[in-house]
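Keep in mind that the numbers below use all heavy atoms, side chains included, and drop hydrogens, waters and symmetry copies. A note on names: the letters A, B, ... follow the listed sequences, proteins ahead of strands, and every chain is numbered from 1.
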Amino acid sequence: MLSVDIEARLGTFNLSAKFDSTAGVTALFGRSGAGKTSLVHMIAGLSRPLRGRIAVDDMVLFDSEKGINLSTRQRRISHVFQEARLFPHLTVRCNLTFSPWADGRTPSMPFEEVVDLLGIGKLLGRRPAKLSGGERQRVAIGRALLSGPRILLMDEPLASLDQARKSEILPYLDHLRREAARSRSSMSPIRWKRSRGWRKRWSSSPTARSRQSAPSAKS
Amino acid sequence: MQPLSPAEIEAVVLIFKVGGLALLVTLPLAIFVAYALVRWRFPGHAILDALIHMPLVLPPVVTGYILLILFGRHGPIGGFLHDYLGITLAFRCTGAALAAGVMSFPLMVRPIRLAIEVVDPKLEQAAGTLGVRRIVTFFIVTLPLAMPGILAAAMMGFAKAMGEFGATITFVSNIPGETRTLSLALYTFTQSPDWDLAALRLAITAAVIASEFVSRRLARRLGGN
């Protein structure tokens with residue numbers, strides 16, 4: 001369960017968000033500039049809210065009153081960024097095994113399973129520069145999964161892709177979501193943030209149990 | 001042409017010794033300082049930046065003199081090193097390496113700094129979300145991505161260390177076999193009327209060494225593409 005209740009100040013813009021989610025998948029909607037990315041960054045520990053509390057299950061990640069602010073690595077939250085952010089000097093295989101290799105983490109899913117799930121078996125020997133946008137995004141998702149995360153955050157992972165690439169990745173995400181629902185104990189919940197265009201698809205999907213409230217923005 | 005005389009060989013060996021030692025000590029330090037200047041904001045940022053560039057702006061003899069005051073046997077730092085660690089720098093080849101290192105430091109920090117500036121901090125951030133420690137991220141993400149700049153800096157630093165003259169002669173003098181590097185040997189030869197030929201030979205030696213470096217570099221460039 002993810003619970004967020006925070007207030008933050010971004011320049012002249014005040015962001016306050018409050019929601020609890022027990023679902024396998026939580027989607028966050030809001031118009032551009034509403035502070036979705038900022039909120040996701042705060043959950044991941046990449047930036048610091050002004051005050052409030054963020055917790056996953058019984059683990060408090062941030063609590064301004066108690067002075068708790070876990071570092072990004074302590075939170076064990078993986079992040080799929082809009083622009084993939086693969087390491088350009090490493091092959092796809094090394095990118096995927098980056099976290100287990102560099103930090104000794106045990107992935108919650110076996111390597112082969114993730115590779116199969118995302119259909120990236122043929123790309124393992126290549127460098128990120130030789131990948132298409134869709135392939136890059138799939139590798140980024142695989143890399144995040146293999147870091148054994150408590151939660152997987154996806155910040156508009158499809159935003160930088162054209163329609164064809166989007167429809168290339170969507171089945172994998174769908175598959176991933178089903179996979180996560182099946183093995184809830186080992187890898188759940190998964191959360192993502194996606195652009196509005198995909199809302200209908202997800203809310204009409206009968207298995208996507210999600211409760212969400214858009215961050216309310218006051219300026 | 002005759003093979004090199006022992007004195008000449010000594011001078012050539014010495015520049016590699018001095019240059020190598022200088023590089024060994026200053027390169028990690030230059031990488032650290034460059035990283036700190038790019039990624040960290042701290043009080044005294046501008047002062048550190050200015051301090052690093054001092055040897056570039058000051059006349060080398062002044063730098064050598066400052067080194068002599070600080071690192072001489074009775075200087076504040078030199079005295080400490082001598083009394084507690086048994087290290088003497090003044091008039092030793094380690095001192096020549098220090099002078100070479102200090103002089104080449106700004107030339108090394110600059111390219112490394114530029115190379116680190118180009119490394120996207122978002123990649124380091126991504127490594128953080130994958131649970132990797134900052135220090136590990138530095139070694140497996142930042143450093144490899146900045147490697148071209150670091151190699152260029154090592155090259156520049158070594159070349160500068162080879163050619164260093166003013167600070168070296170002021171700080172550690174011109175002692176054969178200890179601090180008389182190629183440049184100092186060449187200078188010594190030009191001072192006596194009978195040694196014109198020896199000076200010329202050394203100059204040619206220096207040119208050969210330098211061109212060897214350049215050709216290696218060119219070969220790597222061409223081989224790389």
Side-chain angles (χ1 to χ4, degrees), chain A residues 37 40-47 61 70-91 94-108 127-129 136-137 139-155 157, chain B residues 27-28 30-32 34-36 38-43 45 108-155 217 220-225:
Chain A
T37 294
V40 168
H41 278 199
M42 283 171 211
I43 296 170
L46 296 174
S47 61
L61 306 181
L70 295 188
S71 72
T72 306
R73 63 180 296 269
Q74 285 170 322
R75 297 190 183 201
R76 297 200 37 205
I77 293 179
S78 283
H79 206 137
V80 178
F81 297 92
Q82 191 172 323
E83 48 332 346
R85 298 195 193 179
L86 298 178
F87 303 115
H89 58 303
L90 301 174
T91 60
C94 293
N95 265 286
L96 287 170
T97 54
F98 187 80
S99 183
W101 177 74
D103 202 54
R105 292 212 172 168
T106 329
S108 41
R127 302 236 170 197
R136 246 175 249 176
Q137 229 26 289
V139 173
I141 294 167
R143 181 179 71 173
L145 284 176
L146 286 167
S147 69
R150 231 188 293 268
I151 288 183
L152 185 60
L153 292 169
M154 295 195 192
D155 188 357
Chain B
L27 189 61
I31 293 171
F32 174 76
Y35 184 82
V38 175
R39 289 282 191 264
W40 299 339
R41 288 285 160 263
F42 50 88
H45 190 276
M108 291 167 73
V109 170
R110 189 144 283 268
I112 298 174
R113 194 174 163 176
L114 289 175
I116 292 178
E117 263 166 16
V118 176
V119 177
D120 192 348
K122 286 176 173 177
L123 289 175
E124 294 167 359
Q125 212 177 46
T129 66
L130 293 166
V132 179
R133 278 168 216 275
R134 281 260 172 99
I135 178 88
V136 179
T137 301
F138 172 76
F139 281 108
I140 62 181
V141 177
T142 318
L143 211 53
L145 288 174
M147 203 39 92
I150 292 171
L151 290 179
M155 192 75 108
R217 180 131 199 234
R220 202 176 313 145
R221 271 278 163 81
L222 296 173
N225 292 337

Asks: What side-chain hydrogen bond (donor to acceptor under 3.5 Å, both in side chains) pairs are there with at least one residue in residues 141-155 of chain B, not counting sequence neighbours?
Replies: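 Output for this query lists B:E124-B:T142.
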Asks: Could you pull out the closest heavy-atom pair between A:H89 and B:P144, with the gap in Å?
Replies: CD2-CB, 3.5 Å
Asks: Could you work out, with ring pair (Phe, Tyr, Trp, His ring centres under 6.0 Å) as the rule, every residue matching B:Y35, not counting sequence neighbours?
Replies: B:W40, B:F138
Asks: Could you tell me which portion of A:R85 (side chain, backbone, both or neither) has an atom closer than 4.5 angstrom to a non-hydrogen atom of chain B?
Replies: both
Asks: Could you tell me which residues satisfy side-chain contact (heavy atoms from CB on, under 4.5 Å) with A:A144, sequence neighbours excluded, listed by chain and number?
Replies: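 Residues passing side-chain contact (heavy atoms from CB on, under 4.5 Å) with A:A144: A:S78, A:V80, A:L152.
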Asks: Does any heavy atom of chain A fall under 4.5 Å from the side chain of B:V141, the backbone, both, or neither of them?
Replies: both
Asks: Test B:T129 against every option in A:I77, A:L153, A:T72 by the side chain to side chain contact (heavy atoms under 4.5 Å, CB included) rule and name the one that passes.
Replies: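 Exactly one pass, corresponding to A:T72.
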Asks: Should B:I140 and A:W101 count as side-chain neighbours, where that means a heavy-atom distance under 4.5 Å?
Replies: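 Heavy-atom side-chain distance check passes, below 4.5 Å.
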Asks: Taking atom CD of A:Q82 and atom NZ of B:K122, what is their separation to the nearest 0.5 Å?
Replies: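 The CD atom of A:Q82 sits 8.5 Å away from the NZ atom of B:K122.
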Asks: Checking A:R143 against chain B: side chain, backbone, both or neither under 4.5 Å from a heavy atom?
Replies: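 Contact with chain B involves both backbone and side-chain atoms of A:R143.
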Asks: Where does A:L86 contact chain B at under 4.5 Å (heavy atoms): side chain, backbone, both or neither?
Replies: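 Interface part for A:L86: backbone (N, CA, C, O).
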Asks: Heavy atoms, side chains only, cut-off 4.5 Å: are A:P88 and B:L123 in contact?
Replies: yes
Asks: Among residues 146-155 of chain B, which residues come closer than 4.5 Å to chain A, judged by heavy atom distances?
Replies: none
Asks: Given heavy-atom pairs under 4.5 angstrom as the criterion, report whether the side chain, backbone, both or neither of A:E83 touches chain B.
Replies: side chain
